[in-house]
Amino acid sequence: MDNPMLLKSTTRHIRIFAAEMDKDDLVPSNQVLTLDIDPDNEFNWNEDTLQKVYRKFDELVEASSGEDLTDYNLRRIGSDLEHYLRALLQKGEIRYNLSSRVNNYSMGLPHVAGNANP
């Protein structure tokens with residue numbers, strides 16, 4: 001295909017594009033997937049946890065190798081990554097960024113340590 005169409009999957013915290021970055025532009029590609037994690041900075045990340053998400057992404061892409069590159073396949077990978085982020089949040093490996101401009105707690109209310117004696 002000479003002029004690939006830009007395929008993408010967007011969830012609340014994961015954006016996947018069948019494209020390469022060229023300066024500040026996305027160039028459609030049938031060979032490269034670009035991952036944007038937590039574009040609204042809703043969570044606080046450390047490098048180790050961010051690398052876990054990239055490794056999970058690589059696993060999901062590898063598991064679907066040989067399949068056609070379609071919107072459906074990208075959405076499935078994006079959904080699986082969204083569930084993975086929820087699991088990281090529930091384990092306490094990532095936390096909500098309470099200073100974020102977006103505080104909708106889309107994956108559940110944050111756990112706040114409080115006084116045990118009311």
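At least one donor-acceptor pair under 3.5 Å links the side chain of Asn46 to the backbone N or O of Asp48.
Under the rule for a side-chain contact (heavy atoms from CB on, under 4.5 Å), the partners of Asn44 that lie at least two apart in sequence or sit in another chain are Asn97. Scored by the side-chain hydrogen bond (donor to acceptor under 3.5 Å, both in side chains) test, Ser64 finds no partners at all (sequence neighbours excluded). Checked against side-chain hydrogen bond (donor to acceptor under 3.5 Å, both in side chains), Thr11 has the following partners two or more places apart in sequence or in another chain: Glu82. Qualifying side-chain hydrogen bond (donor to acceptor under 3.5 Å, both in side chains) partners for Glu59, counting only residues two or more places apart in sequence or in other chains: none. Looking at residues two or more places apart in sequence or on another chain, you find no salt bridge (charged side-chain N to carboxylate O under 4.0 Å, His left out) involving Arg95. Not counting sequence neighbours, Ser79 has no partner by the side-chain hydrogen bond (donor to acceptor under 3.5 Å, both in side chains) test. Applying the side-chain contact (heavy atoms from CB on, under 4.5 Å) criterion to Gln51, with sequence neighbours excluded, gives Glu47, Tyr54, Arg55. Judged as a side-chain contact (heavy atoms from CB on, under 4.5 Å), and not counting sequence neighbours, the contacts of Lys8 are Phe17. Residues passing the side-chain contact (heavy atoms from CB on, under 4.5 Å) test with Gln31 are Ser29, sequence neighbours excluded.
The nearest pair of heavy atoms linking Trp45 to Phe43 is CD1-O, 3.3 Å. The minimum heavy-atom distance linking Leu6 with Ala19 is given by the pair CD1-CB, 3.6 Å. Pairing each heavy atom of Ile77 with each of Leu60, the nearest pair is O-CD1, 3.9 Å. Taking all atoms of both residues into account, the shortest heavy-atom contact from Gly78 to Ser9 is CA-OG, 4.0 Å. Between Val53 and Leu81, the closest heavy-atom pair is O-CD2, 4.0 Å.
We find the NE2-CG distance between His13 and Asp36 to be 12.0 Å, quoted to the nearest 0.5 Å. Distance check, rounded to the nearest 0.5 Å: OG1 of Thr49 to NZ of Lys91 gives 10.0 Å. Atom-to-atom distance recorded for Leu85:CG and Ile94:CD1 is 5.0 Å, nearest 0.5 angstrom. Distance check, rounded to the nearest 0.5 Å: CZ of Arg86 to CZ of Arg12 gives 12.0 Å.
Listed by first and then second residue, the salt bridge (Lys or Arg N to Asp or Glu O under 4.0 Å) pairs that reach into residues 18-27 come to none, sequence neighbours excluded. Counting only residues at least two apart or on different chains, the salt bridge (Lys or Arg N to Asp or Glu O under 4.0 Å) pairs with a member in residues 69-80 are Glu67-Arg76.
Val61 and Leu50 fall within a single hydrophobic cluster, where Ile, Leu, Val, Met, Phe, Trp and Tyr are joined by side-chain heavy atoms under 4.5 Å apart, directly or via other members.
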Intermediate values then yes/no, side-chain contact (heavy atoms from CB on, under 4.5 Å), Leu26 and Met21 = CA-CA 5 Å; Leu26 286 171; Met21 288 298 299; 3.3 Å; yes
request  = Would you please test Ile14 and Phe57 for side-chain contact (heavy atoms from CB on, under 4.5 Å) and show each step?
outcome  = CA-CA 10 Å; Ile14 298 292; Phe57 174 69; over 6 Å; no
query = How far apart are the C-alpha atoms of Leu33 and Leu74, what are their side-chain angles, what is the distance that settles it, and do they pass the side-chain contact (heavy atoms from CB on, under 4.5 Å) test?
reply = CA-CA 9 Å; Leu33 296 179; Leu74 284 182; 3.7 Å; yes
ask   = Run the side-chain contact (heavy atoms from CB on, under 4.5 Å) check on Leu7 and Thr70 step by step: do they pass?
value = CA-CA 7 Å; Leu7 298 177; Thr70 63; 5.5 Å; no
